[in-house]
Number of protein chains: 2
Amino acid sequence: MALAHAILATLLDSSQSGYDLRKCFEGSVGFFWQASFQQIYRELGKLEEQGLVQSEAIAQQGRPDKKVFAVTAEGEAFLQAWIRTPCEMAPIRDDLLVKMFAGFLVPKVEMLAELKEHRSLHQERLAIYQQIQRNAYANPENLSEKELFHYLTLCGGIQYEQGWLNWCEEAISILTKSSASSVSPQ
Amino acid sequence: MALAHAILATLLDSSQSGYDLRKCFEGSVGFFWQASFQQIYRELGKLEEQGLVQSEAIAQQGRPDKKVFAVTAEGEAFLQAWIRTPCEMAPIRDDLLVKMFAGFLVPKVEMLAELKEHRSLHQERLAIYQQIQRNAYANPENLSEKELFHYLTLCGGIQYEQGWLNWCEEAISILTKSSASSVSPQ
DNA sequence: ACTATATATTCAACTAATTGATTATGTCAA
DNA sequence: TTGACATAATCAATTAGTTGAATATATAGT
């Protein structure tokens, strides 16, 4: 279970509200973890109970009040201890691959359409990550400790998307060739 | 929720017991889905209730009896319908990337050790997949419909592992360079 | 005035996944 | 003959994740 740790790691970068965290998780932090706001609020509650984060109510003009969460010393120690314990490889659980495994059940054109859709989704995502790379990490040699690790995380997201993109291209190419020479089932 | 669909797709390939399914999920089918045997048995129970699979008790000599599950016509239609509905990209949730994001909390040598461990894990996995590729799919041009789709799934696993491997190499290289010139904390 | 969007949080119900144990039978090796 | 391992299945408890809704305030556009 790493949602708690992902939240701590994000808050360590900058203290913020659950709402802002959620935006991080669908934005820049999304290349290593994703979570809904219900999950985030629930987890923040638990973390506060355990004393790993603490909140401060901030009154705002023209907007609802917000609770800004910050990592405590215990929270940092907890995160550090977790980082030091070895972890397993993340298991693959991908709907599109399951579909592909039984793809002979539908006409090839339909599988091709889904593959092309995913290709463009991964292309978009990759383009976003590469833009972050160009804008924020123009010369990786001169980064601070913290920035360097954030940069490595971004690189992970890029490799991941690149991998999927390669596969989409490969699968489209193979399926296109084979459907040119044979008739698809219904 | 694609566990049910992953089970149906696997059973469609060959009818088998929950125990055998579990072995598939940690073996060759593992490049698109992973599940524990508790999950599999529970899901098989549900699928049987819904009439999507049916079981036959097989008495064995020298071993406990087993229940072999087969996909019904309804099960196949159900799977086909699911394949035809578009799906989203799989979200990334990777412990190692979370660790990396807050990697500045521990000495670089420790992060490097973890990265090297994961590099070898991904290398091993990739080697297994590539061996399957060489053994079972020596010339992808002459595959049957079904085999072709299974082959594409394998390609997905290969690209995935290759992507992580690339990242491990990249991260190790960058961290090694930077730790040569600076002292680690802690 | 009405609608949509954005900020900010929470509740309730449900489904999925993990962890750990339990119950059988049989084989093989020390 | 004891222990380790493989086959085969299930139960109970807990944790994690999803879905859908509700509440409240403010801004911008039609």
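Residue numbering restarts at 1 for every chain, and letters A, B, ... go by the order of the sequence lines.
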K.L.:
Atom CZ of Arg22(A) to atom C1' of dT9(C): distance rounded to whole Å?
P.N.:
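To the nearest whole Å, that distance equals 14 Å.
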
K.L.:
Side-chain polar contacts of residues 68-79 of chain A - donor-acceptor pairs under 3.5 angstrom, sequence neighbours left out - could you list them?
P.N.:
residue, atom, partner, partner atom, Å
Thr72(A), OG1, Gly51(A), O, 2.7
Thr72(A), OG1, Leu52(A), O, 3.1
Thr72(A), OG1, Glu74(A), N, 3.4
Thr72(A), OG1, Glu74(A), OE1, 3.3
Thr72(A), OG1, Gly75(A), N, 3.1

K.L.:
Who pairs with Lys67(B) by salt bridge (Lys or Arg N to Asp or Glu O under 4.0 Å), at least two apart in sequence or on another chain?
P.N.:
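Not a single residue meets the salt bridge (Lys or Arg N to Asp or Glu O under 4.0 Å) criterion with Lys67(B).
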
K.L.:
Please state how far atom CD in Glu26(A) lies from atom P in dT18(D), giving the value in whole angstrom units.
P.N.:
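For the pair Glu26(A) CD and dT18(D) P, the rounded distance is 14 Å.
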
K.L.:
Mind checking side-chain contact (heavy atoms from CB on, under 4.5 Å) for Gln131(A) and listing every partner two or more places apart, or none if nothing turns up?
P.N.:
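Listed in chain order: Arg134(A), Asn135(A).
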
K.L.:
Residues in side-chain contact (heavy atoms from CB on, under 4.5 Å) with Asp65(A), at least two apart?
P.N.:
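With neighbours one apart ignored, the set is Ala59(A).
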
K.L.:
Which residues satisfy the salt bridge (Lys or Arg N to Asp or Glu O under 4.0 Å) test with Arg22(A), sequence neighbours excluded?
P.N.:
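For Arg22(A) the salt bridge (Lys or Arg N to Asp or Glu O under 4.0 Å) partners, ignoring immediate neighbours, are Glu26(A).
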
K.L.:
How many Å lie between CD on Gln34(A) and C1' on dA16(D), as a whole number?
P.N.:
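Atom CD in Gln34(A) sits about 16 Å away from atom C1' in dA16(D).
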
K.L.:
Set out, in order, the CA-CA distance, both residues' side-chain angles and the distance that settles side-chain contact (heavy atoms from CB on, under 4.5 Å) for Leu96(B) and Trp164(B), then state yes or no.
P.N.:
CA-CA 11 Å; Leu96(B) 189 55; Trp164(B) 281 111; 5.7 Å; no

K.L.:
Rounded to whole Å, how long is the line connecting atom CD1 of Ile58(A) with atom C1' of dT9(C)?
P.N.:
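Value for this atom pair: 15 Å.
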
K.L.:
So, using salt bridge (Lys or Arg N to Asp or Glu O under 4.0 Å) as the criterion, who are the partners of Glu124(A) when residues are at least two apart?
P.N.:
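By the salt bridge (Lys or Arg N to Asp or Glu O under 4.0 Å) rule, Glu124(A) matches no residue at all.
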
K.L.:
Of the residues in residues 11-19 of chain A, which ones touch DNA chain C at a heavy-atom distance under 4.0 Å?
P.N.:
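Residues of residues 11-19 of chain A that come under 4.0 Å of DNA chain C are, in numerical order, Ser17(A), Gly18(A), Tyr19(A).
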
K.L.:
What is the distance, rounded to the nearest whole Å, between atom CG of Leu21(A) and atom C1' of dT9(C)?
P.N.:
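In whole Å, dT9(C) C1' and Leu21(A) CG are 13 Å from each other.
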
K.L.:
Near DNA chain D, counting only heavy atoms under 4.0 Å, which residues of residues 88-97 of chain A show up?
P.N.:
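The stretch gives none, as no residue of it lies under 4.0 Å from the strand.
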
K.L.:
I'd like to check the side-chain hydrogen bond (donor to acceptor under 3.5 Å, both in side chains) partners of Glu48(A); sequence neighbours left out, ordered by chain and number.
P.N.:
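Result, side-chain hydrogen bond (donor to acceptor under 3.5 Å, both in side chains) vs Glu48(A): Ser55(A).
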
K.L.:
I want to check one thing: is the phosphate of dT7(C), taken as OP1 and OP2, less than 4.0 Å away from some side-chain N or O of Lys23(A)?
P.N.:
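Lys23(A) to dT7(C) OP1/OP2: side-chain N or O found under 4.0 Å.
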
K.L.:
Could you state the CG-P distance from Asp65(B) to dA9(D), rounded to the nearest angstrom?
P.N.:
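The answer, rounded to whole Å, is 9 Å.
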
K.L.:
For Glu169(B), give me all partners under salt bridge (Lys or Arg N to Asp or Glu O under 4.0 Å), at least two apart in sequence or on another chain.
P.N.:
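Arg119(B).
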
K.L.:
So which protein nitrogen or oxygen atoms get under 3.5 Å of nucleotides 10-16 of chain C's nitrogens or oxygens?
P.N.:
residue, atom, partner, partner atom, Å
dA16(C), OP2, Lys46(B), NZ, 3.1

K.L.:
Is there side-chain contact between Phe37(A) and Tyr19(A), with at least one heavy-atom pair below 4.5 Å?
P.N.:
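Heavy-atom side-chain distance check fails, nothing below 4.5 Å.
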
K.L.:
Rounded to the nearest angstrom, tell me the gap between atom CD1 in Ile40(B) and atom C1' in dT10(D).
P.N.:
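Nearest whole value for this atom pair: 14 Å.
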
K.L.:
Taking side-chain hydrogen bond (donor to acceptor under 3.5 Å, both in side chains) as the definition, give me every residue that meets it alongside Gln16(A), ordered by chain and number, with sequence neighbours left out.
P.N.:
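None.
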
